[in-house]
Amino acid sequence: MTNALDAHTQVLLIDDDPHLRQALSQTLDLAGLKVQALGDAQGVAEWVGKDWPGVVVTDIRMPGIDGLELLGQLRERDPDLPVLLITGHGDVPLAVQAMRAGAYDFLEKPFPSDQLLDSVHRALDLRRLVLENRSLRLALSDRQQLSGRLVGQSPAMRRLREQIGALAATNADVLILGETGAGKEVVARALHDLSARRDGPFVAINAGALAESVVESELFGHEQGAFTGAQKRRIGKFEFANGGTLFLDEIESMSLDVQVKLLRLLQERAVERLGANQLIPLDIRVIAATKEDLRQAADQGRFRADLYYRLNVASLRIPPLRERGEDALLLFQHFAEAASGRHGMAARSLDSNQRALLLTHTWPGNVRELQNAAERFALGLDLALDNTPVDLPQVAGGLSEQVEAFERALIAAELTRPHGSLRSVAEALGLPRKTLSDKLRKHNLSFSGGNPADEQD
């Protein structure tokens, strides 16, 4: 067998009789089916992937691997793959036994063309249904995985999960944009684990943590004697990630020389070790991440513009926690419960003042800062947050009283920040100016800065 299975093939026909093989191929072809005909079954099981959308029609008696042996091999690969057996008159008992072992159907020679086509069409319909159900189950599982990894019900997080779900199924390289602590590696791992590469390696490397003297060797590898101290061959991270995903964080810290080599690797999908002249083909997905505006860095000459455009084909922006404050309580509870379980401690409950602290904090360290706070809380320590805007009082009463107190505290906290106009305060709070003015009167608060003429509704 010299040619791999064509991905568009609907019927894989295997028969060592060239005349019958040609006749059956013509019948299937005239019926509008994509058929690939083979004279033996050698290597077929390795060709047929688990989710191949076709069916197999094979003779039972063939030299080498016969139809029954092929049936067993294919069922190990995919128990739901329809396999139709062609039998001689004396092989009918054997074919019935094969049906019990999982064959879809058998055709006794000689058989009319209509019988073959009817069986093949029914098998293809069944195959489509099986694959659709698999796809639905996988999509449901992927959504559940994403919800568990990327916790949050804010519109921004729901949109991010949708984008990850769509991109994970592709082989496109991805650029992740996000502040420190926002969860860039979590997103990269989700892209890998929900992709067809999930069984391949996931290799994460922080370019900012590598010394300039070793970054090329770490990424691209080197041959023995390539430079002083290179006593043996080293496989680089890109080559090590072959068949999987390489996550390259803080890509903005790479030197321009290394950026040139990365651009070449992305274009050629091949790596050349230091000290070597041979290109090694790669089957990898590259996910890069940055906390900087790479377009601005390119304009300033700190980042190659061609590399930026090459990476920016598909990008994901992780919203900072301050833009999705409604997720803070949900995230905190998630991390605190997990920490309590790890440390064998009873889960603690947040009081109203602590909830208000979490909701009004600006989270400069993003999710990483929140996770550390939840860890300390689970250990029984005080909920101490840096840069908390105001010291909120304890609130008594029911839910409505607590909501009112929180709203007043949040507006009062924003009024303590430098603002040139009430319009600026309203924008920071995400409120129309008229609504903010009404709430100021309601809570007996006042704005002391700006031009009064600018604050007319």
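Note that the structure is a prediction, hence the values are computed from the model and not measured. Nothing fancy with the numbering, it's 1 onward along the sequence.
- Considering CD1 of Ile164 and OG of Ser195, their distance stands at 12.5 Å, rounded to 0.5 Å.
- If you take CG on Leu282 and CD on Glu268, they are separated by 10.5 Å, rounding to the nearest 0.5 Å.
- The stretch residues 216-272 participates, sequence neighbours left out, in these ring pair (Phe, Tyr, Trp, His ring centres under 6.0 Å) pairs: Phe220-Phe238, His222-Phe227.
- In terms of heavy atoms, Leu85 sits closest to Gly67 at CD2-O, 4.3 Å.
- Once rounded to the nearest 0.5 Å, the distance linking CD of Gln333 with CG of Leu358 reads 11.0 Å.
- Just one residue in the list Ile14, Asp15, Asp66 forms a side chain to side chain contact (heavy atoms under 4.5 Å, CB included) with Asp59, and that residue is Asp15.
- Applying the salt bridge (Lys or Arg N to Asp or Glu O under 4.0 Å) test to every pair with at least one member in residues 305-323, sequence neighbours left out, gives these pairs: Asp173-Arg310, Glu179-Arg322, Arg304-Asp306, Arg317-Glu323.
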Practice prompt. List the steps, then state whether side-chain hydrogen bond (donor to acceptor under 3.5 Å, both in side chains) holds for Glu375 with Gln371.
Written response: CA-CA 6 Å; Glu375 187 89 16; Gln371 185 173 9; 5.7 Å; no

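- Both tests hold for Arg348 against Phe377: distance to the six-membered ring centre under 6.0 Å, angle to the ring axis within 45°.
- In summary, of the residues considered (Lys232, Arg273, Arg234), a salt bridge (Lys or Arg N to Asp or Glu O under 4.0 Å) with Glu223 occurs for Arg273 alone.
- Evaluated for a side chain to side chain contact (heavy atoms under 4.5 Å, CB included) with Leu81, the options Asp51, Val48, Val130, Val55 yield exactly one hit, Val48.
- Rounding to the nearest 0.5 Å places CG of Leu160 at 6.5 Å from CD1 of Ile318.
- Between the OH atom of Tyr104 and the CG atom of Leu71 there is a distance of 14.5 Å, given to the nearest 0.5 Å.
- Side-chain N/O atoms of Arg61 and Thr87 include no donor and acceptor closer than 3.5 Å.
- Arg197 and Asn171 share a donor-acceptor pair across their side chains, judged by distance under 3.5 Å alone.
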